[in-house]
Amino acid sequence: MLKVLDVLKIILLSIILSSCSSIEQIALKDAETKRILRNIVKNNPNKVYYKTITLDGDKPIVSYVNQEYLEFYLCKNGIDSVVKIPKNEIKFIKEKFKTHKVLKLDKFLPKLKDKLSNKEEKLKTQYISIPVLFRNNTMALYYNLQTYGGEFTLMQKNNGKWDVICSRSVWVE
């Protein structure tokens with residue numbers, strides 16, 4: 001009986017330790033996501049809607065995640081070739097976009113409330129998705145939507161700072 005109790009204690013301890021590791025990984029991802037979202041909101045010339053989006057109108061953003069829309073041609077200086085995201089990464093990104101839920105940015109980024117808007121104003125409000133991190137958290141992709149179009153924006157982490165490197169229009173009105 002004593003051995004069974006010891007085995008149960010060991011099992012319970014290993015479950016607790018593995019859940020702590022998972023919580024730490026989630027917290028790390030959330031910290032990086034928060035850095036990216038802070039960068040997007042802070043550097044945006046428009047007000048950003050206070051909730052992230054998972055849909056473009058009535059179409060799920062994930063439906064745009066494909067080879068065609070993840071080839072980037074207009075990139076920042078220093079990148080002189082087309083940036084293509086390979087199929088295996090597209091599959092990963094698609095799975096991540098499928099799991100996205102709406103996030104209230106005013107709760108997640110309370111210090112940037114002045115850059116957020118709860119009004120949907122034509123030409124003045126931009127809508128963004130939660131970014132998907134990939135390539136060991138050195139690259140991120142998010143979807144943004146404005147009055148006359150939607151696009152994916154590709155970001156790269158350089159020296160601890162997130163920079164926009166390319167954008168790709170999905171549709172333009």
Side-chain angles (χ1 to χ4, degrees), residues 25-26 28-105 108-109 112 115-117 120-173:
Q25 288 175 351
I26 290 167
L28 176 63
K29 180 186 174 239
D30 285 347
E32 205 60 52
T33 300
K34 192 172 189 173
R35 276 189 209 92
I36 297 166
L37 287 168
R38 187 181 304 117
N39 181 291
I40 294 166
V41 172
K42 194 175 179 180
N43 297 316
N44 201 308
N46 296 319
K47 293 258 184 171
V48 174
Y49 194 62
Y50 80 105
K51 290 182 185 178
T52 60
I53 58 171
T54 58
L55 301 171
D56 180 342
D58 59 353
K59 192 169 183 174
I61 293 168
V62 69
S63 66
Y64 295 126
V65 179
N66 60 50
Q67 193 75 45
E68 176 186 358
Y69 296 127
L70 297 181
E71 289 183 2
F72 297 87
Y73 297 97
L74 301 173
C75 298
K76 75 176 190 173
N77 292 341
I79 300 176
D80 50 357
S81 63
V82 174
V83 176
K84 293 183 181 184
I85 297 178
K87 287 182 182 181
N88 63 324
E89 288 180 336
I90 291 173
K91 184 178 178 183
F92 173 81
I93 291 166
K94 187 172 241 167
E95 291 303 314
K96 291 297 180 183
F97 268 109
K98 281 181 186 177
T99 65
H100 280 180
K101 305 285 185 223
V102 173
L103 173 69
K104 288 186 173 184
L105 293 171
F108 199 65
L109 303 170
L112 293 173
K115 298 284 287 176
L116 301 172
S117 175
E120 298 183 38
E121 296 182 74
K122 196 172 187 175
L123 301 174
K124 293 183 180 180
T125 307
Q126 184 174 5
Y127 307 85
I128 61 172
S129 72
I130 296 172
V132 171
L133 288 108
F134 61 106
R135 292 190 191 168
N136 294 321
N137 292 344
T138 61
M139 302 288 285
L141 182 76
Y142 72 96
Y143 188 80
N144 67 80
L145 174 66
Q146 294 179 4
T147 302
Y148 296 111
E151 69 181 9
F152 282 110
T153 300
L154 184 63
M155 299 179 80
Q156 184 174 32
K157 189 176 183 179
N158 292 313
N159 299 321
K161 184 178 175 231
W162 285 96
D163 297 315
V164 171
I165 60 168
C166 297
S167 292
R168 171 66 192 252
S169 291
V170 171
W171 66 271
V172 177
E173 189 174 284

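Distance check, rounded to the nearest 0.5 Å: CD1 of I40 to CZ of R38 gives 11.5 Å. Atom CG in L55 sits 13.0 Å away from atom OH in Y127 (nearest 0.5 Å). In this structure, CD1 on I130 lies 9.5 Å from CZ on F97, to the nearest 0.5 angstrom.
Not one N or O on the side chain of K42 forms a donor-acceptor pair closer than 3.5 Å with the backbone of L112.
Side-chain contact check for L105 versus I128: some heavy-atom pair is nearer than 4.5 Å. No side-chain heavy atom of V62 sits less than 4.5 Å from a side-chain heavy atom of E95. When side chains are defined from C-beta on, Y148 counts as touching K122, because their heavy atoms get closer than 4.5 Å. For the pair M155 and D163, the minimum side-chain heavy-atom distance is 4.5 Å or more.
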Please report the C-alpha distance between Q126 and N46 in whole Å, then the side-chain angles of each, then the deciding distance to 0.1 Å, and finally whether the side chain to side chain donor-acceptor pair (under 3.5 Å) criterion is met.
CA-CA 6 Å; Q126 184 174 5; N46 296 319; 4.5 Å; no

So Y64 and Y143, ring-ring contact (aromatic ring centres under 6.0 Å, His included) or not? Walk me through it.
CA-CA 10 Å; Y64 295 126; Y143 188 80; 5.7 Å; yes

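Relative to the six-membered ring of F134, K96 misses at least one condition, a distance below 6.0 Å or an angle of at most 45° to the axis.
Counted by atom type alone, E151 and W171 present zero donor-acceptor pairs between their side chains at under 3.5 Å.
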